[in-house]
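Indexing begins at 1, ligand by ligand and atom by atom, following the structure's order. Just so you know, these numbers come straight off a predicted model, no measurement behind them. Both backbone and side-chain heavy atoms feed into the values below; hydrogens, waters and symmetry mates do not. Each residue takes its place number in the sequence, starting with 1.
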Amino acid sequence: MSINKFLSLNKAVFEQIKLPNDAVVADLGCRDAGFLVGLQHAFPDKIYQAIGVDITDKWFKDVKYKSPIILKKMDCSKKLEFEDNTFDFIFSADMFECVSDKKLLVSEIHRILKPGGVVICVNCDWDSVVYNGEDKELISKAIHAYAVTKQPWMDDLDSWIGRRMYGFFNKCKLFESSVCVHNVVETEYKEGTFGYDLSLDIAWLYKENTGALTKREYDEFIEVLKSAQNDRSYIFSKPYYIYKGKKRV
Ligand SMILES: C[S@@+](CC[C@H](N)C(=O)[O-])C[C@H]1O[C@@H](n2cnc3c(N)ncnc32)[C@H](O)[C@@H]1O
């Protein structure tokens, strides 16, 4: 059975959203548009247009989307290709850390939101991710190395991006700001979960010869997680900071 690992996170986000009728919405850094598809299900008949943008279109074919969702290639580190006052709601998840000029992105989001429009930015605080397992030192090393090692496709990287989001928006005084945290907690190490998928991603540290983790350490790390699963002590937890800002009129 396939599992949707985003279910609990999306539910926590949807609880924060109130859409007007005929809402025009955007997802910045939408990847495969999974969030917009979920939003359409959660708010049937409310959405007039939903635009997902991403710097690459390589994932656009991975999800079944239909009107009113449209997807576009766009680089969110530059001036956004939208008119002023276009959107009622803007969403972005785990994209902010990839963009170096965060001040520009915040002011661009403000520009393209309608007065009173709402932005929600969801970001994992990568340095606060937790796995349980016997070898504390190795687990901490693998998580930290992954959190602080910049991948080639990223413009920027901040392992504390989750806790920093509030400040990026609140400092500019353009939004009424609030923040909460949703912790995703998993107790099984199996395919399709955040914890399993992250453990596979961590392999890039040795595959790309970053020097941050050796192949031997990586293999041991995976064995530690499998042992925790076998003796029923496996836990993975990932804190998502949910920033909400309402455009000041
Ligand atoms: C970690 S993924 C998150 C994807 C999706 N929001 C989610 O939560 O599943 C980061 C996404 O941001 C996109 N991205 C990175 N830099 C970007 C940029 N400058 N402009 C637009 N998208 C960007 C990546 O291509 C990727 O799809």
Side-chain angles (χ1 to χ4, degrees), residues 2-14 16-17 25-42 50-65 69-82 87 89-109 111-112 119-127 129 143 146-162 164-165 168 181-184 192-202 204 238-243:
S2 83
I3 48 171
N4 180 353
K5 62 186 182 180
F6 288 97
L7 274 182
S8 81
L9 174 63
N10 283 354
K11 187 167 175 283
V13 172
F14 294 155
Q16 304 264 340
I17 302 173
V25 307
D27 181 355
L28 308 181
C30 65
R31 196 178 168 112
D32 59 7
F35 177 80
L36 289 180
V37 172
L39 190 72
Q40 211 182 355
H41 282 290
I51 306 177
V53 302
D54 202 285
I55 197 163
T56 165
D57 57 7
K58 69 180 173 194
W59 291 294
F60 289 180
K61 59 183 177 344
D62 292 349
V63 76
K64 285 197 178 98
Y65 64 92
I69 299 177
I70 56 168
L71 304 181
K72 284 185 179 177
K73 242 173 102 168
M74 195 180 291
D75 182 353
C76 296
S77 64
K78 305 200 166 110
K79 188 171 172 7
L80 298 174
E81 299 158 36
F82 295 115
F87 295 100
F89 173 63
I90 295 176
F91 176 78
S92 186
D94 284 339
M95 195 276 289
F96 246 81
E97 64 263 51
C98 312
V99 169
S100 51
D101 192 347
K102 294 173 175 60
K103 223 170 162 180
L104 174 67
L105 183 51
V106 168
S107 74
E108 279 296 282
I109 289 174
R111 180 182 67 76
I112 64 174
V119 55
I120 290 189
C121 277
V122 173
N123 283 83
C124 173
D125 204 67
W126 291 102
D127 227 2
V129 166
I143 291 173
Y146 180 81
V148 299
T149 311
K150 194 160 122 209
Q151 303 192 34
W153 55 275
M154 295 172 171
D155 225 23
D156 197 14
L157 171 73
D158 185 348
S159 59
W160 282 17
I161 187 75
R164 296 214 202 276
M165 285 311 294
F168 290 142
V181 179
H182 175 77
N183 224 35
V184 170
T193 58
F194 279 113
Y196 183 90
D197 292 350
L198 177 61
S199 75
L200 299 192
D201 280 353
I202 287 173
W204 91 271
K238 186 180 189 189
Y240 276 103
Y241 283 67
I242 304 176
Y243 168 81

Between [X] and [Y] (side chain of the first, backbone of the second, donor and acceptor by atom type, cut-off under 3.5 Å), is there such a pair?
X    : Y   : result
R111 : L80 : yes
D54  : T56 : yes
S92  : L28 : yes

For the 3.5 Å polar cut-off, considering only N or O atoms, please tell me whether [X] and ligand 1 meet it.
X   : result
D27 : no
W59 : no
V99 : no
F6  : no
V53 : no

Around [atom], find the nearest protein heavy atom and jot down its residue, atom name and distance.
atom                    : value
atom 22 (N) of ligand 1 : I55 N, 3.1 Å
atom 12 (O) of ligand 1 : M95 CG, 3.3 Å
atom 2 (S) of ligand 1  : D94 O, 4.0 Å
atom 19 (N) of ligand 1 : D75 OD1, 2.9 Å
atom 25 (O) of ligand 1 : D54 OD1, 2.6 Å

Proximal ligand 1 atoms for [X], defined as those under 4.0 Å from one of its heavy atoms:
X   : answer
C98 : 15 (C), 16 (N)
C76 : 18 (C), 19 (N), 20 (N), 21 (C)
A93 : 3 (C), 5 (C), 6 (N), 8 (O)
G29 : 4 (C), 5 (C), 6 (N), 11 (C), 12 (O), 22 (N)
R31 : 4 (C), 5 (C), 27 (O)
S77 : 19 (N)

Can you tell if the side chain of [X] reaches within under 4.5 Å of the side chain of [Y], non-hydrogen atoms only?
X    : Y    : result
V129 : Y146 : no
I120 : F14  : no
L9   : F35  : no
Y240 : F194 : yes

With a 4.0 Å cut-off on heavy atoms, does M74 reach ligand 1?
yes
D94/R31 ion pair, N-O < 4.0 Å
no
Is it true that, when you exclude W160 itself, more than 12 heavy atoms of the residues, nucleotides or ligands shown sit nearer than 6.0 Å to its CH2?
no
Spacing of I161 atom CD1 and N123 atom CG [to the nearest 0.5 Å]:
5.0 Å
Taken to the nearest 0.5 Å, the spacing of K58 NZ from K73 NZ works out to 10.5 Å
Which is it for T56 and ligand 1 at heavy atoms under 4.0 Å: side chain, backbone, both or neither?
side chain
